[in-house]
Amino acid sequence: MGTLFVISGPAGVGKGTLVNLLIEDDKSLALSVSCTTRSPRVGEVNGKSYFFISKEEFLQRKEEGDFLEWDEHFGNYYGTPKSFVLEQLKTHSVILEIDVKGAAEVREALKGKGVKPVLIMIAPPSEEILEKRLSGRASESEEEILNRLKRAEYELSKKDEYDYTVVNDDLNEAKETLKKIIETEKSKRRF
Ligand code: 5GP
């Protein structure tokens with residue numbers, strides 16, 4: 001049985017890049033695949049990017065308690081499928097990349113179920129640096145950047161609820177720190 005890692009962090013902090021590097025390096029790690037009711041975008045593969053399911057199926061599985069957490073974004077439902085995560089955990093350690101609200105819900109949903117997730121927050125070296133990283137994304141307006149910064153402040157205010165906080169200053173260093181955490185926690189086998 002593997003260990004479940006929940007990785008959170010504000011937009012622009014580089015958590016997606018870090019998670020991809022970890023998965024590439026360590027074949028015993030699997031990334032959780034969420035369910036969504038939105039249509040696939042060009043290049044997205046069912047079962048890899050998401051499990052693309054109908055609204056009816058989503059609502060039925062939600063009723064049956066198959067989502068560790070779920071949310072609605074832009075009129076579509078998104079959820080972390082419990083059955084998929086538990087199946088993956090039989091042979092892999094699993095990474096969930098999820099926001100602070102989802103992380104708290106996952107922890108609650110798994111209480112008493114024999115799986116204790118390890119929560120890791122990825123933080124920027126400073127608010128100024130995060131602001132610079134977000135401003136570098138040409139696609140976003142000043143208002144969007146401000147909203148993301150406010151959201152980032154909120155997410156980071158929850159870091160005491162996490163088992164670890166890893167500062168992403170140098171990407172390689174952050175990756176190595178994460179690898180060490182993962183190795184340590186895997187060997188502890190927290191049930
Ligand atoms: P997109 O449609 O662009 O892939 O994702 C839209 C939003 O849904 C993003 O903010 C993404 O983080 C969020 N999202 C994706 N999967 C899940 C999930 O399993 N649970 C929750 N709560 N949000 C998700």
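Atoms considered below: every heavy atom in the structure, side chains included; atoms not considered: hydrogens, waters and symmetry mates. Indexing begins at 1, ligand by ligand and atom by atom, following the structure's order.
Considering only residues two or more places apart in sequence or on other chains, F51 meets the ring-ring contact (aromatic ring centres under 6.0 Å, His included) condition with F84.
The nearest heavy-atom contact from the protein to atom 4 (O) of ligand 1 is Y50 OH, 2.5 Å. The protein heavy-atom contact nearest to atom 20 (N) of ligand 1 is E69 OE2, 2.7 Å.
In this structure, the side chain of E144 engages the main chain of S141 through a donor-acceptor pair within 3.5 Å. Here the side chain of N168 pairs no donor or acceptor atom with the backbone of P124 at under 3.5 angstrom.
Under a 4.0 angstrom heavy-atom cut-off, F67 registers as lying outside contact with ligand 1. Heavy-atom separations between G79 and ligand 1 include at least one value shorter than 4.0 Å.
Residues T36 and N76 bring no donor and acceptor atom of their side chains to less than 3.5 Å of each other.
Proximity of atom 24 (C) of ligand 1 to the protein is indicated by at least one non-hydrogen atom lying closer than 4.0 angstrom. For atom 12 (O) of ligand 1, the nearest protein heavy atom is 4.0 Å or more away.
Using cut-offs of 30° and 60° on the angle between ring planes, the pair F58 and Y77 is parallel.
For the pair D99/S8, no side-chain contact is recorded, criterion being any heavy-atom separation below 4.5 Å from C-beta on.
Between S34 and ligand 1, at least one N/O pair is under 3.5 Å apart. Considering both main-chain and side-chain atoms, Y78 comes within under 3.5 Å of ligand 1 through a nitrogen or oxygen pair.
Across E105, R41, H73, heavy-atom proximity to atom 10 (O) of ligand 1 is greatest for H73.
Through direct or indirect side-chain contacts shorter than 4.5 Å among Ile, Leu, Val, Met, Phe, Trp and Tyr, Y78 is connected to Y50, F52.
Shortest non-hydrogen contact noted between R61 and S83 is NH2-OG, 4.0 Å.
Every atom of ligand 1 is numbered from 1 in the order shown, and the set under 4.0 Å from a heavy atom of T80 is 19 (O). Of all atoms in ligand 1, listed by their number and element, those nearer than 4.0 Å to a heavy atom of R38 are 1 (P), 2 (O), 4 (O).
Neither the backbone nor the side chain of K101 comes within 4.0 Å of ligand 1, counting heavy atoms alone.
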